[in-house]
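Per chain, numbering begins at 1; letters A, B, ... match sequence-line order.
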Amino acid sequence: MASNVIILDFETTGLSPNMGDRAIEIGAVRLEQGQVVDRFQALMNPGQKISGFIENYTGISNAMLANAAPCAEVMADFCDFIGDYNLVAHNAAFDRKFLDAELARISRGYNGSFGCSLLASRRVFLDAPAYSLATLVEYTGSHSDGQFHRALYDAEMTAKVWLTLLDTLKRQYQLDDISFTTIQKLNKTAKKNVATMMAKLTRGSA
DNA sequence: TGCCAGGCCCTCTTTAGGGCCTT
């Protein structure tokens, strides 16, 4: 089920692990039947100074990271946390490349697949003004009173958007539940073909 | 040497360009 997933978010030193960027914070929530049943949050020391831009963007300072556990230690714990769950992130391609890069450094891996709340939102919330996480939180009427660009808060907000998205799909296509496979198909289907794809699923089994 | 993300998605498209989204 797409409501039994781990929703995660990384804060990082920049945009690309291929350019030497590292993770500095991981936040995640585990959903069971659409309820948050567990959380994970940790700062991690990337072994390099972060830029003033990242300090301002995230509110995470070099002083905070100096006292944090190293990436290897945090990511090993996080790998245990995610287990075999499927994973969701907002713009999942970004978080997946950092997860893969950090786990590769400690010779760990995971079995779950990624779903993307950004791609799915573009196909479901057709009249949203934009698809950034903050915009979608407001668009879906989700309560928000924390700080965007911190990992756990963004993961919690992504979870709210994700659950609204699943509810919207269920209502729209009169389905009892949405499988993770359905979301993956949705993410790969061109926007203009989504209604046809979902209608086929509805006639068969979603 | 000099450069430096990468993928989705739309459109004045497909022999391409540019905005969005993530930090």
Next item on the list: Starting at atom CZ of Phe10(A), determine the distance to atom P of dC21(B), rounded to an integer number of angstrom.
Entry: 22 Å

Item checked: Rounded distance in Å - CG (Leu133(A)) to C1' (dC20(B)) -> 14 Å

Next item on the list: Just call it for Ala89(A): base, sugar-phosphate, or nothing, with non-hydrogen atoms closer than 4.0 Å on any strand.
Entry: nothing

Item checked: dT11(B) versus dC4(B) - spacing of their C1' atoms, nearest Å -> 28 Å

Notebook entry, point to check: When we call it a touch if two heavy atoms are under 4.0 Å apart, what does Arg96(A) touch: a base, just sugar-phosphate, or nothing?
Noted result: nothing

Check: Think His90(A) has a side-chain N or O under 4.0 angstrom from the OP1 or OP2 of dC21(B)?
Finding: no

Checklist line | Rounded C1' spacing from dT23(B) to dA5(B) in Å | finding: 11 Å

Note to self: What's Asp21(A) touching, base or sugar-phosphate or nothing? Going by heavy atoms closer than 4.0 Å.
What the structure shows: nothing

Next item on the list: Specify the residue among Ala130(A) and Arg123(A) whose closest nucleotide of DNA chain B lies further upstream toward the 5′ end.
Entry: Arg123(A)

Margin query: To the closest 0.5 Å, what do you measure between CG (Leu152(A)) and CE (Met157(A))?
Written below: 9.0 Å

Notebook entry, point to check: If we take the P atom in both dT14(B) and dG18(B), what is their distance in whole Å?
Noted result: 13 Å

Checklist line | Parallel, tilted or perpendicular, as decided by the 30° and 60° cut-offs, for the rings of Phe98(A) and Phe10(A) | finding: tilted

Margin query: Taking the nucleotide of DNA chain B with the nearest heavy atom to each, does Tyr131(A) or Lys191(A) sit closer to the 5' end?
Written below: Lys191(A)

Notebook entry, point to check: Cut-off 3.5 Å, side chains only: do Thr158(A) and His90(A) have a donor facing an acceptor?
Noted result: no

Next item on the list: Can you measure from CZ (Arg108(A)) to CG (Asp100(A)) and round to the nearest 0.5 angstrom?
Entry: 14.0 Å

Margin query: Could you tell me how far apart Leu119(A) (CG) and dC21(B) (C1') are, to the nearest whole angstrom?
Written below: 10 Å

Note to self: How would you summarise protein contacts on nucleotides 1-7 of chain B per nucleotide, using B for base, S for sugar-phosphate only and - for none, with heavy-atom distances below 4.0 Å?
What the structure shows: ---BBB-

Next item on the list: List in numerical order all residues of residues 56-74 of chain A for which some heavy atom is under 4.0 Å away from an atom belonging to DNA chain B.
Entry: Tyr57(A), Thr58(A)

Next item on the list: Give Ile24(A) one of three labels, base, sugar-phosphate or nothing, depending on what nucleic acid heavy atoms sit under 4.0 Å from its own.
Entry: nothing

Check: Which pairs, with at least one residue in residues 166-199 of chain A and sequence neighbours excluded, count as a ring-ring contact (aromatic ring centres under 6.0 Å, His included)?
Finding: none

Item checked: Closest nucleotide among dC10(B), dC21(B), dT23(B) to the Asp9(A) side chain -> dT23(B)

Notebook entry, point to check: Looking only at atom P, what distance separates dC8(B) and dC12(B), rounded to whole Å?
Noted result: 22 Å

Margin query: Could you work out, with salt bridge (Lys or Arg N to Asp or Glu O under 4.0 Å) as the rule, every residue matching Arg105(A), not counting sequence neighbours?
Written below: none

Notebook entry, point to check: Which residue pairs pass the ring-ring contact (aromatic ring centres under 6.0 Å, His included) test when at least one of the two sits in residues 102-131 of chain A, sequence neighbours left out?
Noted result: Phe125(A)-Tyr139(A)

Next item on the list: Measure from CZ on Phe125(A) to P on dC9(B) and round the result to the nearest Å.
Entry: 16 Å

Next item on the list: Scan for salt bridge (charged side-chain N to carboxylate O under 4.0 Å, His left out) pairs involving residues 139-160 of chain A, sequence neighbours excluded, and state none if there are none.
Entry: Glu25(A)-Arg150(A), Arg39(A)-Glu156(A)

Check: Once you round to the nearest 0.5 Å, how far does CG of Asn62(A) lie from CD1 of Ile50(A)?
Finding: 4.5 Å

Checklist line | Check: Ser113(A) main-chain N/O paired with Asn86(A) side-chain donor or acceptor under 3.5 Å | finding: yes

Notebook entry, point to check: Could you give the CZ-to-C1' distance, from Phe148(A) to dT23(B), as a whole number of Å?
Noted result: 15 Å

Notebook entry, point to check: Between atom NZ in Lys192(A) and atom P in dT13(B), what is the gap in whole Å?
Noted result: 16 Å

Next item on the list: Mind listing the closest non-hydrogen atom pair of Asp177(A) and Ser3(A) along with its distance?
Entry: OD1-OG, 4.4 Å

Check: Taking CG from Leu152(A) and P from dT23(B), how many angstroms apart are they, rounded to a whole number?
Finding: 14 Å

Check: Using atom P of each nucleotide, how far apart are dG17(B) and dT13(B) to the nearest Å?
Finding: 13 Å

Next item on the list: Send over the distance from His149(A) NE2 to dC21(B) P, rounded to a whole Å.
Entry: 12 Å

